[in-house]
Amino acid sequence: MRCVNGLPVSVAERVIVPLDVSSEQAAIALLDQLPHVTFWKVGLELFVSGGPTILSVLKARQKRIFLDLKFHDIPNTVAGACAAAARHGVDLVTLHATNGKEGLQAAQQAAEAGAAAVGQPAPKLLAITLLTSLTARSLAFELKVPLELPEYVLHMALLAKDAGLAGTVCSPQEAAQLRQICGDDFLLVCPGVRPTWAEAKDQRRIVTPAAALKAGADYLVIGRPITAAVDPVEAFERICEEMATVV
Ligand code: C5P
């Protein structure tokens, strides 16, 4: 079994299911439907619709929380947001690597201070290197970044690591290289995962759960193959079984 920061992590705990719904009521319905899911992602839609009370709901049910709000602002503001996230007791928080080293370091310090203030462990901060909706073409011609896309992703991941962040969100197709270069302790959280029996929907560069783990992913973010399945509980269990064959 793979260890994350020295702790063994069971297969089911390595699947993060996104609460991609627009109301707290709909989110609670999903939590009720999937009682064995331990790790949930709260993203922009739900957070902007319902506010932070969903975090209290998740904490009351002793769930782990991936707060995926992708902070990007001046260092003081991002630090304040990370401190607030830490006070909510979330486990993972995202922010853009393009906050720059000063902003990333301020965020890390604030997350630690915010957590210490409430006697909670600090959340792990994850850098967004490049949104997967952006292509090599948009990187070159819209953003005018002179690096090739894989080099840019790697550069941003190393910037985040250098600033003391815990890891990054990446495509499973980038995971092997990031694992090799950023080391075993750097957390890799991968969306874009599809079992062979699920529809790809709008995900493009997809791999199976087993292949993502083999490539070095620590956590997999898997939404619609579970939440939109005819039997979501069965789909979750089937994914865990597939993952268990490679850990
Ligand atoms: O339903 P699906 O498995 O595609 O959901 C994947 C989740 O991961 C969604 O919440 C989506 O917003 C998120 N995500 C992603 N690609 C990224 C970053 C996040 O699909 N690069």
Side-chain angles (χ1 to χ4, degrees), residues 12 14-23 26-27 30-31 33-34 37 39-50 54-55 58 63-72 90-98 124-136 138-139 143 149-150 152-154 156-157 160 165 167-175 177-178 187-213 215-232 235-236 238-240 242-243:
R14 292 172 67 178
V15 179
I16 303 176
V17 180
L19 287 165
D20 284 336
V21 291
S22 60
S23 71
L30 256 183
L31 297 182
Q33 198 178 18
L34 286 158
V37 173
F39 215 148
W40 291 91
K41 178 169 94 86
V42 175
L44 280 168
E45 185 185 6
L46 178 58
F47 197 83
V48 173
S49 306
I54 187 62
L55 305 179
L58 287 161
K63 302 297 183 186
R64 301 183 75 202
I65 304 171
F66 173 18
L67 185 62
D68 185 22
L69 302 181
K70 301 185 176 67
F71 300 139
H72 194 197
V90 305
D91 298 279
L92 301 174
V93 177
T94 50
L95 65 166
H96 283 276
T98 47
K124 304 214 179 305
L125 301 190
L126 302 175
I128 305 296
T129 54
L130 180 72
L131 293 171
T132 46
S133 50
L134 294 172
T135 61
S138 36
L139 188 69
L143 306 186
L149 190 148
Y152 179 74
V153 166
L154 191 57
M156 297 311 271
L165 265 62
T168 187
V169 179
C170 66
S171 154
Q173 294 183 338
E174 294 155 0
Q177 193 193 22
L178 287 170
L187 277 183
L188 301 179
V189 177
C190 296
V193 177
R194 286 287 177 273
T196 47
W197 41 267
E199 283 178 66
K201 298 276 187 194
D202 51 0
Q203 295 283 10
R204 293 281 173 271
R205 298 186 300 140
I206 51 174
V207 306
T208 64
L213 290 187
D218 292 301
Y219 293 98
L220 310 181
V221 182
I222 309 179
R224 289 161 293 178
I226 297 170
T227 56
V230 177
D231 183 343
F236 176 66
R238 205 168 157 188
I239 286 168
C240 292
E242 186 184 332
M243 291 165 65

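Residue indices begin at 1 and follow the sequence shown. Just follow the structure's listing: the first ligand is 1, and inside any ligand the first atom is 1. Keep in mind that what you see is a predicted model, and the values were worked out from it rather than measured.
- Less than 4.0 angstrom separates some heavy atom of Val221 from each of these atoms of ligand 1: 7 (C), 8 (O).
- In terms of polar-atom proximity, defined here as any N/O pair under 3.5 Å, Gly223 does make such a contact with ligand 1.
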Quick one: do Leu143 and Tyr152 satisfy side-chain contact (heavy atoms from CB on, under 4.5 Å)? Show the steps, please.
-> CA-CA 12 Å; Leu143 306 186; Tyr152 179 74; 5.9 Å; no
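- The distance criterion of under 3.5 Å between nitrogen or oxygen atoms is met by Asp20 with respect to ligand 1.
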With side-chain contact (heavy atoms from CB on, under 4.5 Å) as the test, would you mind laying out the steps for Leu165 and Leu95 before giving the verdict?
-> CA-CA 10 Å; Leu165 265 62; Leu95 65 166; 3.9 Å; yes
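- Of the protein's non-hydrogen atoms, Pro191 CB, 3.4 Å is the one closest to atom 15 (C) of ligand 1.
- Close approach of ligand 1 to Thr132 is summarised as follows: ligand atoms under 4.0 Å from at least one heavy atom of the residue are 16 (N), 17 (C), 21 (N).
- Using a cutoff of 4.0 Å between basic side-chain nitrogens and carboxylate oxygens, Arg238 and Asp231 are not scored as salt-bridged.
- The contact set between ligand 1 and Arg224, taken as ligand atoms under 4.0 Å from a residue heavy atom, comprises 1 (O), 2 (P), 3 (O), 4 (O).
- Scanning Lys70, Arg194, Lys41 for the heavy atom closest to atom 13 (C) of ligand 1 points to Lys41.
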Check the pair Ile239, Ile222 against side-chain contact (heavy atoms from CB on, under 4.5 Å), reporting the backbone distance first and the verdict last.
-> CA-CA 9 Å; Ile239 286 168; Ile222 309 179; 3.8 Å; yes
Given the rule in the side-chain contact (heavy atoms from CB on, under 4.5 Å) test, do Thr168 and Leu126 qualify, once you have shown the distances and angles that lead to the verdict?
-> CA-CA 4 Å; Thr168 187; Leu126 302 175; 5.8 Å; no
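- Closest to atom 6 (C) of ligand 1 among all protein heavy atoms lies Gln203 NE2, 3.7 Å.
- Heavy atoms only, all atoms of each residue included: Ala212 and Val193 are closest at CB-CG2, 4.3 Å.
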